[in-house]
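Within every chain, numbering begins at 1; the chains are lettered A, B, ... in the order of the sequence lines, protein sequences first and strands thereafter. Any value given below was found using the heavy atoms of this structure, including those in side chains, with hydrogens, waters and symmetry copies removed.
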2 protein chains.
Amino acid sequence: MLTQRSRYALRALIFIARSGSIAPVPISVISADQKLPRKFLEIILLDLKNGGLVESYRGKSGGYRLAKPASQISFGEIIRLIEGPLALVPCVSVSAYQRCADCFEETTCVIRKIMLTVRDNTAAILDNTTLADLSIERAAA
Amino acid sequence: MLTQRSRYALRALIFIARSGSIAPVPISVISADQKLPRKFLEIILLDLKNGGLVESYRGKSGGYRLAKPASQISFGEIIRLIEGPLALVPCVSVSAYQRCADCFEETTCVIRKIMLTVRDNTAAILDNTTLADLSIERAAA
DNA sequence: CGTTATGCCTATCGGTTTGATAGGCAATTG
DNA sequence: CAATTGCCTATCAAACCGATAGGCATAACG
């Protein structure tokens, strides 16, 4: 299961992407429309900014904007940034590979084999769907 | 990422499945061979027992055995039992469906749409691979 | 019967993560 | 200068995670 943070991040980004406006979107607007806890959302947006997904502008008429075209921000990238690796075991993670503790032999491990399949499937889906692939429907999860 | 518990559960079950012996396998043997913390493994095996995946026998020459044929114990079932739902969001879980808090409309939610695809793909893999689908290679993750 | 090997129950524990809130500082606009 | 906005720091309770310890119940074996 994804953490609440990740779901909030997705909703916030989708909202920003859909707003389509050139003017940055303030936290208060996102939080009001999507009904997300304002202060908590602040932290998340800061992470998204540090991760290079959004730009922020301070002061009056400040707020957040996507840092790159919506077509270049995939669900996979968002989730990896906020949640961590897509992989179910560290030894099949591409973005954060790590040998499993107490692993006898990676090449012949059957658990690794199936987990690699799962990871590749998941990544194929999440990395190929971007914020631009959204129809008019409303984000709500 | 899976918790350590789930990885341990998988390794223990694979070990039992492979031992192939009719005699139950004691915790101490599993823990020694797979290098898993003994007391911790106890708790996990108890969960597996309560979940109907293994049978236990007390007393001398006691231990654990698979409660059904290895071909009927899938990775999906094991992970769901120890870890929880495969789904990334509650609203696409089949085994533990729950409407997302603050969801506007489930049918049109784009997050739900993609998460459903991911879940279905993951489930297809994990539910169709069983403890019987293991070659001679050694489990190690 | 008693010894021994085993699973089972209960309790505890420190550390980390999770979700969240509060207050004040910094910057920018007008 | 006032208003609005993001940013930084601190704090918090609750849950989760991985693990350990001790003793009780049960069954096999001689």
From the set D:dG18, D:dA19, C:dA20, return the single nucleotide nearest to any side-chain atom of B:P37. D:dA19

In whole angstrom, what separates B:R38's CZ from D:dG18's P? 20 Å

I want to confirm an ordering. Mapping A:K60 and A:R5 to their closest nucleotides on DNA chain C, which one lands closer to the 5' end? A:R5

Closest to side chain of A:P26, choosing from D:dT5, D:dC7, C:dT4: D:dT5

Is a side-chain donor or acceptor of A:E42 paired with a backbone partner of A:I27 at a separation under 3.5 angstrom? no

Under-4.0 Å salt bridge between A:K113 and B:D133: no

Gap between atoms CD1 and P, on A:I44 and D:dC7 respectively (whole Å): 14 Å

Kindly say whether B:L2 contributes a backbone atom to a donor-acceptor pair with the side chain of B:R7 at under 3.5 angstrom? yes

Rounded interatomic separation in angstrom, taking CD1 from B:I82 and P from D:dC17: 12 Å

Can you find a side chain N or O atom of B:K49 that sits less than 4.0 Å from OP1 or OP2 on C:dC8? yes

note: B:K35, atom NZ; D:dG18, atom C1'; distance rounded to Å ~ 20 Å

Could you state the atom-to-atom distance from CG of A:D47 to C1' of C:dA20 in whole Å? 14 Å

Can you measure A:L41 atom CG to C:dG19 atom P for me and round it to whole angstrom units? 14 Å

Tell me whether A:V94 shares a hydrophobic cluster with A:V89, the cluster being built from Ile, Leu, Val, Met, Phe, Trp, Tyr side chains joined at under 4.5 Å. no

Tell me the closest heavy-atom pair linking B:K68 and B:G52, and the distance in Å. CE-O, 4.2 Å

Mind calculating the distance between CD (A:Q4) and P (D:dC16) to the nearest angstrom? 14 Å

Does D:dA19 have its OP1 or OP2 closer than 4.0 Å to a side-chain nitrogen or oxygen of B:Y8? yes

Tell me the interatomic distance from B:L46, atom CG, to D:dT26, atom C1', rounded to whole angstroms. 15 Å

Quick note, B:F40 side chain, CB onward, closest among C:dG24, C:dA5, D:dA19 is D:dA19

So, is B:Y64 near the phosphate of C:dC8, with a side-chain N or O under 4.0 Å from OP1 or OP2? yes

Whichever of A:S56 and A:I43 has the more 5' nearest nucleotide on DNA chain D, that residue is A:S56

Side chain of B:E42 only, heavy atoms from C-beta on: which candidate in C:dT28, D:dT20, C:dC9 is closest? C:dC9

Within the structure shown, what part of the strands sits under 4.0 Å from A:I27 by heavy-atom distance: base, sugar-phosphate, or nothing? sugar-phosphate

More 5' along DNA chain C: A:G59 or B:L45, using each one's nearest nucleotide? B:L45

Which nucleotide sits closest to the side chain of B:T3: C:dG19, D:dC7, D:dG18? D:dG18

Assess whether one donor atom and one acceptor atom, taken from the side chain of A:K39 and the base of C:dG19, lie less than 3.5 Å apart. no

Closer than 4.0 angstrom, basic N to acidic O: yes or no for A:R18 and A:D33? no

